[in-house]
Number of protein chains: 2
Amino acid sequence: MHEKDDFDLQEFLPYLLNQAAEESSLAFQQIYKHRYGMLRTEWRVLFHLGIYGELTAGEIAARARIHKTKVSRAVARLESRRFLTRSRDAADRRREALRLTPKGESAYRDLREVARDYDAMLVEGFSEHEAELLRQMLRRLARPAADRGAA
Amino acid sequence: MHEKDDFDLQEFLPYLLNQAAEESSLAFQQIYKHRYGMLRTEWRVLFHLGIYGELTAGEIAARARIHKTKVSRAVARLESRRFLTRSRDAADRRREALRLTPKGESAYRDLREVARDYDAMLVEGFSEHEAELLRQMLRRLARPAADRGAA
DNA sequence: CCTTGTTAGTTACAAAATCAACTGTTAACA
DNA sequence: TGTTAACAGTTGATTTTGTAACTAACAAGG
């Protein structure tokens with residue numbers, strides 16, 4: 001198949017980023033899926049609560065830039081499987097604080113170690129400096145376009 | 001909200017790659033969606049045909065690592081909107097060669113220019129060398145894990 | 001030729017994502 | 001207060017995806 005055109009899809013950043021993101025998520029996905037029956041949004045919610053301790057659904061949605069309906073459904077699933085509990089805020093009864101149960105904590109700690117090892121494996125082929133540069137560039141690309149140039 | 005734990009989700013490559021991929025696809029997505037009513041798999045199929053001229057659904061699926069059912073549906077949609085045509089291979093009547101119509105070619109050329117400009121905008125903050133290094137690292141991360149270390 | 005296996009592509013059904021509309025609660029202010 | 005707007009979160013309808021099973025065509029060995 002000869003090339004007819006000089007545009008290189010493999011060089012187009014959104015495409016390349018997507019391929020890299022998908023490929024590099026695969027093996028980790030297998031683990032949280034098979035070990036805990038979680039979906040992507042669910043491990044993300046789990047990690048947010050594991051790291052920050054107590055958050056509302058809205059805070060998680062804002063931090064992770066996940067739509068609130070997705071978070072709402074992930075929270076419902078995690079609650080029904082006893083990975084987290086909710087508690088209504090007495091002062092503002094719209095807000096609902098989420099917190100991991102011991103079962104949730106334990107799943108989080110387990111997956112956190114998997115994530116650490118997995119991340120280390122992914123950067124194995126890069127130097128320390130390259131890996132740091134990569135993350136820095138990715139953080140910039142991940143920033144909402146609105147912030148470009150801003151703080 | 002104080003940090004309770006030292007794991008940094010923003011540094012975890014699969015997460016970071018995903019955030020970067022999603023954010024950096026947003027504006028481009030708006031364009032192919034609103035200008036041509038396409039979905040992600042559809043613009044990818046369009047680009048493959050625009051670049052390589054004539055391919056079968058299976059070849060596109062293999063190159064882009066998209067599942068064949070997704071390609072099948074994208075092709076059906078693109079055909080119904082007259083962006084491409086199919087022609088059964090006489091020698092092997094299972095195979096179906098896909099080719100862009102003039103309408104498809106024109107959409108491709110338009111989006112190709114959008115993609116070029118958009119890509120340039122994304123790397124605006126990086127030096128030439130950084131941008132090249134980034135793409136190189138992403139290509140490596142995008143490579144199937146099975147190939148790690150291999151050619 | 002005729003089984004058996006493989007390949008190309010589609011379809012059916014279940015799971016999940018998206019978008020809009022909804023409930024319930026608080027805030028703003030005439 | 002009473003009315004209107006804003007916010008937190010959920011639900012329902014529709015679309016899209018994922019998984020598996022399917023049809024049709026070829027290939028290889030007996």
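In what follows, every heavy atom counts, from backbone to side chain, and hydrogens, waters and symmetry copies are set aside. In the text below, chain A, chain B and the rest are named by the order of the sequence lines, each starting its count at 1.
Side-chain rings of A/Trp43 and A/Phe28 approach one another, their centers coming within less than 6.0 Å.
Ion pair B/Asp119/B/Arg135 flagged as a salt bridge, since at least one NZ, NE, NH1 or NH2 atom sits closer than 4.0 Å to an Asp/Glu carboxylate oxygen. One finds no salt bridge joining B/Glu22 and A/Arg65 here, because no Lys/Arg side-chain nitrogen approaches an Asp/Glu carboxylate oxygen to under 4.0 Å.
Between B/Asp89 atom CG and D/dC26 atom P there is a gap of 9 Å when expressed in whole angstrom units. Straight-line distance from the CD1 atom of B/Ile66 to the C1' atom of D/dT16: 14 Å, rounded to whole Å.
Around CZ of A/Arg82, the count of heavy atoms belonging to other residues, nucleotides or ligands within 6.0 Å does not exceed 12.
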Q) Could you write nucleotides 7-20 of chain C as a row of B, S and -, 5' to 3', where a protein heavy atom under 4.0 Å of any base atom gives B, of only sugar-phosphate atoms gives S, and otherwise -? A) BSBBBB---S-BBB

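Remark: A/Tyr118 pairs with no residue by the ring-ring contact (aromatic ring centres under 6.0 Å, His included) rule, at least two apart or across chains.
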